[in-house]
Amino acid sequence: MTDEKRIERLSAMLKRRGIILPAFEIYGGVSGLIDYGPVGASIRRRVIQNWIEHWTINGDIVEIDSPTITPENVLIASGHVGEFNDLMSQCEKCSSAFRADQLVEGHHPNPDILNSKEIDEILNSNKIKCPNCSQSQWAPSKPMNLMFGTKIGAMKSSRQAYMRPETAQGMFMLYPSLYRHFRQKLPFGAIQTGKGYRNEISPRQGMIRLREFNMAELEYFIDPENPPEVDLSASKEKISMIPDPNGNQRKEIKITFQDAIKNNVIKDTTVGYFLSKTWDFLIGVGIDASKIRFRQHEGNEMAHYAEDCWDCEILGEHGWIECVGIANRTCHDLQSHEKYSNSNSLRAWREFDEVKVENKEILSPRTSVLGPQFRDKAGSVISALESLENIPENLPFTLQLDDGSNVEITSEMVDRKTINNSVAGEWFTPHVIEPAFGIDRIIWHILDHAFEEIEKEGEKYNLLKLKESISPADLIVLPLFEKDGMGMAARKLNTQINQMQGVKCLIDSSKSIGRRYARADEIGVPWAITVDHQTLEDETVTVRRRDDQKQIRIDIGQLLDLINTNLVSTLF
RNA sequence: GCGCCUGUAGUGAAGGGGUUAUCACCUGAGGUUUCCAACCUCAUGUCCCGGGUUCAAAUCCCGGCGGGCGCACCA
């Protein structure tokens, strides 16, 4: 933040090199929408690939993929429609905006059901004051819907739908399938990467607040009574945390994950585990460790579903930016979907340690007597007998039916029996811990932290010190000159390297060698292979390390082996 | 959404009611060159969009779109 022009130079470089660009620019652009260019798209793909591998490595988490178009019911159940359809009223004096239903609270028994006209009437007739400036002059209230609406189907029968505001609902929709896939045993998780959509009022700060953005979310389902054991003893690093949002002395502390859990700084061990996994991921893709902190949410900024929530914030040119949210969503989503969908398959079975055997006394109905006696009422009499909690000592007795009417039960109608009832377990709704990653924000900070401006022989020189695993290409082949067969040898080598699975190699033969090194450095290619005169004689090339420009000569065959085994770095 | 500032080649800038809009870097072709943005020749490419004022608008005015900052909003 000390150098205000750095962000402009970085943005210009990202555009010039085809990394991040404004979308639809020839039509004037659309704010909140960006393109990943030919270089940026490779970086994005690799970051996402790293993220997927980071979570799926243990086998308890699988990847799924679900539609971005989401029917309205789903988002009603999840709470998004309600949350996003609030009416907003703006004070014409001081421009403060407030949720209209909260302003008229106390002037109407149920403000939720009011439309904008009714809200405006109440605001004006009661002269409700602006909480900020105490004036009473309101602009007409407007619904604030941060979801992009659409219709499924064309004609009358079309259904209201929205572009998903998060990928999480896809995982909840697939819970029954996941439960089967994991042999009906918790814990397990599902991840999804893809686009999310929020029609932001004012997108700002480049790629920080977008209207269409890359999300990567994990839903990890656990039994709250038997949370998974976690071992964080291997993680010795002291992490910046800002806990205790409601305490008086809110400040940043440095503490290991293990101690944070032990000392109740992080209350939920599973949340703590995911905080540490999040840390590992961010370090792995090249985020600067000193620019990461975890901040616990305050009560009033907590999402409508979350019980406890931590943000992972990263420091960059825009200040501290929330890049990951880790929330304990408890059973909110699954329970709500059960209720709205009438499904009963969003649960898990918890076996008791010991089978509970109950000896229970019941009155078993003699249907041959009850039938003729009560006729069409017989059914409800039988169900009332079955649900009877306290078996009366003496017969006859008066039994109340569901409809409130009473019947008399005599000893001829029932048999007094004792039955063995064994209960092996119970159904419950799993809790879910959700780490949600804003991929674009993370990529921004990767670029920000990797972007280095140095001086080289009196000239400005840019470097993108990307980690090997997320650089847009693994290597670049450069013929020293495009003659004497050097160009040919370079093209052959480039082809050989690109034939390897998962390896991406570029080739560049235009302009001077120094300029080509500079271009490769600026987009973050870690290794440059130079084909020179000696190559033609002895089949050796030089390998140049981006970060310090050191060069080593090596036999082509050996180099190909090193590339194939991802061990080029061991050369130096 | 409000307020202030703002929009000129790919990037960064200069200029500005009147011939063909300027510069650097970049990019491309050729030359030269035995490893770090060298040099020479040539070339491509620009006034955000729409309306208005005017004989004439890239320039002035209005609106839109985009960008920056502040306020507001923001899972």
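Convention: sequence-line order gives letters A, B, ...; per-chain numbering from 1.
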Six-ring centre of W527(A), R545(A) cation under 6.0 angstrom, axis tolerance 45°: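 No, R545(A) and W527(A) do not form such a contact.
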
Decide whether a cation-pi geometry holds between K277(A) and F274(A); the criteria are a distance under 6.0 Å from NZ or CZ to the six-membered ring centre and an angle within 45° of the ring axis.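 The answer is no; the distance or angle limit is not met.
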
What one-letter contact string describes nucleotides 30-50 of chain B from 5' to 3', where B marks a base within less than 4.0 Å of any protein heavy atom, S marks contact via sugar-phosphate atoms alone, and - marks no contact? ---BBBBBS------------

Report the distance from atom [atom1] of [X] to atom [atom2] of [N], rounded to the nearest whole Å.
{"X": "I523(A)", "N": "U27(B)", "atom1": "CD1", "atom2": "C1'", "result": "15 Å"}
{"X": "R9(A)", "N": "A13(B)", "atom1": "CZ", "atom2": "P", "result": "11 Å"}
{"X": "E200(A)", "N": "G67(B)", "atom1": "CD", "atom2": "P", "result": "13 Å"}
{"X": "L33(A)", "N": "C65(B)", "atom1": "CG", "atom2": "C1'", "result": "13 Å"}
{"X": "F213(A)", "N": "C74(B)", "atom1": "CZ", "atom2": "P", "result": "15 Å"}
{"X": "E317(A)", "N": "G68(B)", "atom1": "CD", "atom2": "P", "result": "14 Å"}
{"X": "L21(A)", "N": "G67(B)", "atom1": "CG", "atom2": "P", "result": "14 Å"}
{"X": "F24(A)", "N": "G67(B)", "atom1": "CZ", "atom2": "P", "result": "13 Å"}

Would one find a side-chain N or O of S510(A) under 4.0 angstrom from OP1 or OP2 of U27(B)?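 The answer is no; no side-chain N or O of S510(A) sits under 4.0 Å from OP1 or OP2.
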
Does a side-chain N or O of S31(A) approach OP1 or OP2 of G67(B) to a distance below 4.0 Å, or not?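 For G67(B), OP1 or OP2 has a side-chain N or O of S31(A) closer than 4.0 Å.
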
Interatomic distance at [atom1], [N] relative to [M], whole Å:
{"N": "C25(B)", "M": "C61(B)", "atom1": "C1'", "result": "36 Å"}
{"N": "C71(B)", "M": "U54(B)", "atom1": "C1'", "result": "40 Å"}
{"N": "A9(B)", "M": "U22(B)", "atom1": "C1'", "result": "12 Å"}
{"N": "G66(B)", "M": "C47(B)", "atom1": "C1'", "result": "16 Å"}
{"N": "U46(B)", "M": "G7(B)", "atom1": "C1'", "result": "13 Å"}
{"N": "G45(B)", "M": "C4(B)", "atom1": "C1'", "result": "34 Å"}
{"N": "G28(B)", "M": "A13(B)", "atom1": "P", "result": "23 Å"}
{"N": "C73(B)", "M": "C2(B)", "atom1": "C1'", "result": "12 Å"}

Regarding [X] and [Y], do their side chains bring together a donor and an acceptor under 3.5 Å, going by distance alone?
{"X": "T535(A)", "Y": "D532(A)", "value": "yes"}
{"X": "S66(A)", "Y": "Q192(A)", "value": "yes"}
{"X": "D440(A)", "Y": "Y36(A)", "value": "yes"}
{"X": "H297(A)", "Y": "D311(A)", "value": "yes"}

Under-3.5 Å donor-acceptor pair between R204(A) side chain and G70(B) base: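 Flag set: donor-acceptor pair detected.
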
Please state whether the base of A75(B) and the side chain of H80(A) form at least one donor-acceptor pair under 3.5 Å?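 Answer is yes: a donor-acceptor pair is held.
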
Are the charged groups of E200(A) and R211(A) less than 4.0 angstrom apart, N to O?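 Answer for the salt bridge query: no.
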
Between R546(A) and E468(A), is there a side-chain N and carboxylate O pair less than 4.0 Å apart?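 Salt bridge absent between R546(A) and E468(A).
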
Categorize G206(A) for me: base, sugar-phosphate, or nothing, with a 4.0 angstrom heavy-atom threshold over every strand shown.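 Since only primed, P, OP1 and OP2 atoms lie under 4.0 Å of G206(A), the category is sugar-phosphate.
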
Identify which nucleotide among U11(B), C73(B), A75(B) has an atom closest to any side-chain atom of R198(A), counting heavy atoms from C-beta outward.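 Closest of the options to the side chain of R198(A): A75(B).
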
ring-ring contact (aromatic ring centres under 6.0 Å, His included) partners for W310(A), two or more places apart: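 Testing W310(A) for ring-ring contact (aromatic ring centres under 6.0 Å, His included), a comparison that skips the adjacent residues, returns none.
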
Between K15(A) and E322(A), which is nearer to the 5' end of RNA chain B once each is assigned its nearest nucleotide?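 It is K15(A) whose nearest nucleotide is closer to the 5' end.
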
Applying the side chain to side chain contact (heavy atoms under 4.5 Å, CB included) test to F451(A), which of L10(A), L14(A), I446(A) qualifies?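 So the option named by the test is L10(A).
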
Please map the stems of RNA chain B, keeping only stretches of three or more Watson-Crick or G-U wobble pairs with both distances under 3.5 angstrom.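 In RNA chain B, stems of three or more pairs: B:1-7 with B:65-71, B:10-13 with B:22-25, B:27-31 with B:39-43, B:48-52 with B:60-64.
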
Residue that, paired with E453(A), satisfies salt bridge (charged side-chain N to carboxylate O under 4.0 Å, His left out) out of R9(A), K460(A), K465(A):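 Between E453(A) and the candidates, salt bridge (charged side-chain N to carboxylate O under 4.0 Å, His left out) is satisfied uniquely by R9(A).
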
